[in-house]
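Working notes for the structure below.
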Amino acid sequence: MTPINETKNSARPQTQPAATGESIALHAPLAGWLTALSDVPDPVFSGYVLGHGIAIDPFESVLKAPCDGVVTVAHRARHAVTLRLANGAEVLLHVGLDTVALAGEGFTLHVAEGQAVKTGDPLISFDMDILAHKARSLLVPIIVLGEDYTLSAMAPGRQVAAGEVLFTVSPAGTAPAEAAPQAAGPVLTREFRIDDPDGIHARPAGLIADAVKGFKARIIFHAHDKEADARSPVKLMLLGLGGGDAVRVTAAGGDAEAALAAIGAVIAGFADGKAPSPVPAAGTSIAETPLRPAFASHERIDITGVQAVSGLATGKAVRFAQEEISVPEAGAGVDVELERLRLALEASRQDLDGEIEAARPHNRQQMEILKAHLSFLDDVDLLGAAQTLIDQGKSAGFAWKSAAGQQAAALKRLGSARLAERAVDLLDVERRVLMALAGKSRAGTDLPAGTILLAGDLLPSQLTGMDTSRLAGLCLAEGGPTSHVAILAASLGIPTLVAMGPDLARVPDGTPLILDADHQRLQVNPLPELLSATAAKIEKRQARLALAKSRAAEDCHTACGRRIEVVANLASPADALLAVANGAEGCGLLRSEFLFLNRDTAPSEEEQLAQYQTVADSLEGRPLIIRTLDAGADKVLPYLGLPRETNPALGLRGVRTGIWKPETLRTQLRAILRVQPYGQCRIMVPMVATIDELRTVRTMLDEERRTLGQDKPISLGVMVEVPSAAVMADVFAKECDFFSIGTNDLTQYTLAMDRMNPHLAKRVDAFDPAVLRLIAQAAAAATANGRWTGVCGGLASIPLAAPVLIGLGVTELSTTAATVPEVKEMVRSLSLERCQAVAREALSQESAEAVHRLLSSYWPEV
Ligand code: PEP
Ligand code: MG
């Protein structure tokens, strides 16, 4: 959602039509299993947000009219139809759940809007096979929209034949209330853009109507020369709002402001497919939507989030305020507007060139992100779409904003968290050009020293545009840990939490804060004693870090002489240099996805070889473990043609993708086998769950090796990140050369908690004894079979985890490049005997919190 601008006026809202007339029987539109609406696994239906009714799990594939009526909405995705009955009731028939996302695939619509139909006339045919594979559910909810009608009793939980009477619909008997009393107060207007590519269909319409229920203001949506009361889902759907469309919303009444904020929050939620939450969209200030009261100075609150950059900071809250740029829709003539756009693009190009040069010597990540932004300015699709709109008489600003907005919405639609994060980059470029068009300077925000910045989300340029030396920390209500703004914050060493949710908006400017990114929490209004103790802790920590850095290049042994290799996780060739500079003794995990993401075709063998060779060379002979492609789940690669999955994290992920597309895996194996010198590279297989998967990869590897004339075997490891691999580690250990524990996924799959779900972020904790016990099992099996065990998941980057992992038998820790010195320093302070004692104690704890308490009691300073 993008709030575009806000004005005050005196629009006269409409009200809903009255319910009149007789009772009408509704017949089953198809045969199937009759299911209570409350059992439909979608809160919009089960929570009666749209209205009351029933659902059918269909046995047949033609949906027929349940009674006579007129088609008022035939959805353009062909999955839903709304009928108006003779008594005025509107009945929605919706085939499947989330089927709007199929964009019509598998559906044939037999009716058009405005058409009169008779009971039993076919409305929609659908392909059961396609829906069974691609839709979340086949259930067909049949809903009488709104609250103005009563429905007779229904008897779900049984089979029903097509044409059988389901229930009758009668007017409630009282004239419906006005949409809302005409309350005294301001009339506000705000514009929003619908970022959800599917637009306002049944589900979003229901959510909007539900969100405004509690407000007194009259709220009207205006778009495409039509108006709709926000309390009417049908009217909202009839507006025909598609992805990227702008909608003007007027609210009249004392709580108009809060109602608009609530609508904005709901619309913002659609874009990410998330439950609506009162959190603004990327690049917005959080100051706009304080739906609940601000925290008072005596309220000591912890707000949790997801760690994007580790660290501890104290400081005062500064809420990010973003200046809105309004654009007129109408242009001043095609030539004038084209010239304006050309000049603004040119000015933006020059700005970006200057910023790239400024970043080049000291911040490679920033430079690469800016280069990506530069490429958007020459994107032919984007420029073409803007030009088309200018040709239609729109202003340069309107055209650019619409074109960029639509492409950003399309990126979000791909359903990948990573691509959705790239949409933020596009919006950043959108804003840069709009600023140039408006002749505004991009002067940075003035910040006091020790600022902890709070924002809805930030655009990368908004972060780099401020004096980051004054930033002690960064807290985002939205955002993801792999977004560019998070990467930039990491490159600048700013402790950062993301996905913190709506409570962040309740923290007033100037509030004292402790940002403890390592424990994923922001402490609001901490006691003064805690503040000063934390400041002292930070000072000591900085001194320790400086010492660790000065010894980073030295070998790593425990105090009793046990060799522990501390290596780094890399995600691109550029990371290798930083890792070596930080003392990494090699690479324990090269996430080869970097080569496969954000492109239209798979990289060729030569392309892969060149990149792997660059990494190998940068490591100057140190070992390099390349993980084969870990596609699937949130790493969407459209060109692989993976089927749409209900549960991608449990679907064709990791090694399963490689076995599904053997040529992709074989190409990668050949590229790795060709890296010189032979033997510097080792190969690691992600997401292995069963021994046959390992055997299949081993066979492919041996065949490719022989084809290349190489008779010396290459080291082949298994990532232990699925519980079954840990449980069966004794079997795996006989057929692989090493284990590397992927604690991120091992935790996700052991606890059945989605690692990307911000609501679970705090609980997806690799210190959980269940996870530690699986690591112990895997490491013991490796040792018994003469293999070694490393850890490449996030747990290895936490210095406090080192004693436990070493005590469990781990001999290699693969950490982020930045944490190598700290982890090495920790290892040097340990003895094997102590590690084993601590590990034993950790395994006997009953929860992750207990393990944290245990470790903090032994190492209070860490
Ligand atoms: C892991 O799961 O711990 C891991 C290292 O792999 P990724 O985070 O890339 O899934
Ligand atoms: Mg993993």
Side-chain angles (χ1 to χ4, degrees), residues 307 309-314 495 514-521 523 526 529-530 532-552 554 556-566 582-583 741 743 747 762 765-769 771-773 775-776 779 791 793-816 818-862:
Q307 186 199 82
V309 185
S310 72
L312 181 65
T314 58
I514 296 175
L515 171 56
D516 186 351
D518 295 341
H519 295 96
Q520 315 212 90
R521 64 172 182 218
Q523 293 171 273
E529 308 86 82
L530 183 60
S532 41
T534 308
K537 193 170 171 181
I538 293 170
E539 220 169 280
K540 277 197 191 156
R541 187 174 166 152
Q542 276 161 354
R544 245 195 358 260
L545 275 180
L547 177 69
K549 268 216 123 158
S550 68
R551 296 165 29 139
E554 295 168 26
C556 189
H557 295 88
T558 59
C560 61
R562 169 107 164 170
R563 176 83 172 103
I564 302 292
E565 277 179 82
V566 181
N582 275 348
I741 317 262
T743 51
T747 309
K762 218 178 144 203
D765 189 334
F767 280 104
D768 194 292
V771 180
L772 298 181
R773 288 183 191 196
I775 298 175
V791 175
L795 193 61
S797 299
I798 303 175
L800 261 187
V804 181
L805 295 174
I806 294 170
L808 294 178
V810 168
T811 56
E812 183 234 47
L813 296 168
S814 192
T815 76
T816 59
T819 42
V820 168
E822 235 182 315
V823 172
K824 275 186 156 180
E825 202 56 22
M826 182 68 174
V827 172
R828 290 186 190 114
S829 74
L830 302 169
S831 74
L832 189 56
E833 203 181 335
R834 180 156 193 226
C835 291
Q836 285 167 343
V838 170
R840 267 194 306 276
E841 267 195 274
L843 289 182
S844 67
Q845 301 301 309
E846 58 181 24
S847 66
E849 292 74 40
V851 176
H852 283 291
R853 273 198 302 277
L854 174 80
L855 297 176
S856 300
S857 71
Y858 288 141
W859 287 275
E861 295 301 325
V862 180

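The figures here come from the full heavy-atom set of this structure, side chains too, leaving out hydrogens, waters and symmetry mates.
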Residue pairs passing the ring pair (Phe, Tyr, Trp, His ring centres under 6.0 Å) test with at least one member in residues 824-857, sequence neighbours excluded, are Phe767-His852

Output the distance between atom CG (Leu515) and atom OG1 (Thr534), rounded to the nearest 0.5 Å.
11.0 Å

Can you tell me if Glu812 uses its side chain to pair, donor with acceptor, with the backbone of Glu565 under 3.5 Å?
no

Have a look at Val566 and tell me which of Glu822, Lys824, Met826 forms a side chain to side chain contact (heavy atoms under 4.5 Å, CB included) with it.
Lys824

Hits for salt bridge (charged side-chain N to carboxylate O under 4.0 Å, His left out) against Asp516, two or more places apart or cross-chain, chain-then-number order -> Arg521

Partners meeting side chain to side chain contact (heavy atoms under 4.5 Å, CB included) with Ala842 (sequence neighbours left out):
Leu772, Val804, Val851, Leu854

Is there a side-chain contact between Leu813 and Val827 (heavy atoms, below 4.5 Å)?
yes

Between Ala313 and Ile538, what is the shortest heavy-atom contact and its length?
CA-CD1, 3.7 Å

For Glu554, the side chain to side chain contact (heavy atoms under 4.5 Å, CB included) test, sequence neighbours excluded, returns Arg551, Arg828

Closest approach of Ala818 to Asn582 (non-hydrogen atoms, all atoms of both residues):
CA-ND2, 3.6 Å

Without swapping roles, check the side chain of Gln520 against the backbone of Gln307 for a donor-acceptor pair under 3.5 Å.
yes

Test salt bridge (charged side-chain N to carboxylate O under 4.0 Å, His left out) applied to Arg853 - qualifying residues, sequence neighbours left out:
none

Hey, what do you get for CG (Leu830) to NE2 (His557), rounding to the nearest 0.5 Å?
14.0 Å

Distance-only, no hydrogens or angles: does the Ser831 side chain make a donor-acceptor pair with backbone N or O of Cys560 under 3.5 Å?
no

By salt bridge (charged side-chain N to carboxylate O under 4.0 Å, His left out) - contacts of Arg541 (at least two apart):
Asp518

If we only count heavy atoms from C-beta on, is the Ile514 to Leu312 side-chain gap below 4.5 Å?
yes

Checking Ser844 now: which residues fulfil side chain to side chain contact (heavy atoms under 4.5 Å, CB included) with it, not counting sequence neighbours?
none

Using the test side chain to side chain contact (heavy atoms under 4.5 Å, CB included), find all partners of Ser797 that sit at least two apart in sequence or belong to another chain.
Thr815, Thr816, Thr819

CD-OG1 distance between Gln523 and Thr314, expressed to the nearest 0.5 angstrom:
11.0 Å

Taking only residues two or more places apart in sequence or in another chain, which ones pass side-chain hydrogen bond (donor to acceptor under 3.5 Å, both in side chains) with Ser814?
Asn569

Quick test of your reading: applying ring pair (Phe, Tyr, Trp, His ring centres under 6.0 Å), list the pairs with at least one residue in residues 825-847, sequence neighbours left out, ordered by first then second residue.
none

Residues which pass salt bridge (charged side-chain N to carboxylate O under 4.0 Å, His left out) with Arg563, listed by chain and number, not counting sequence neighbours:
Glu585

Please, which pairs that meet side-chain hydrogen bond (donor to acceptor under 3.5 Å, both in side chains) have at least one residue in residues 832-843, sequence neighbours excluded?
Glu841-Tyr858

Thr743 (side chain) donor-acceptor with Leu795 (main chain) under 3.5 angstrom
yes

Ignoring hydrogens, what is the shortest heavy-atom contact between Ala548 and Pro821? Give both atom names and the distance.
CB-O, 3.6 Å

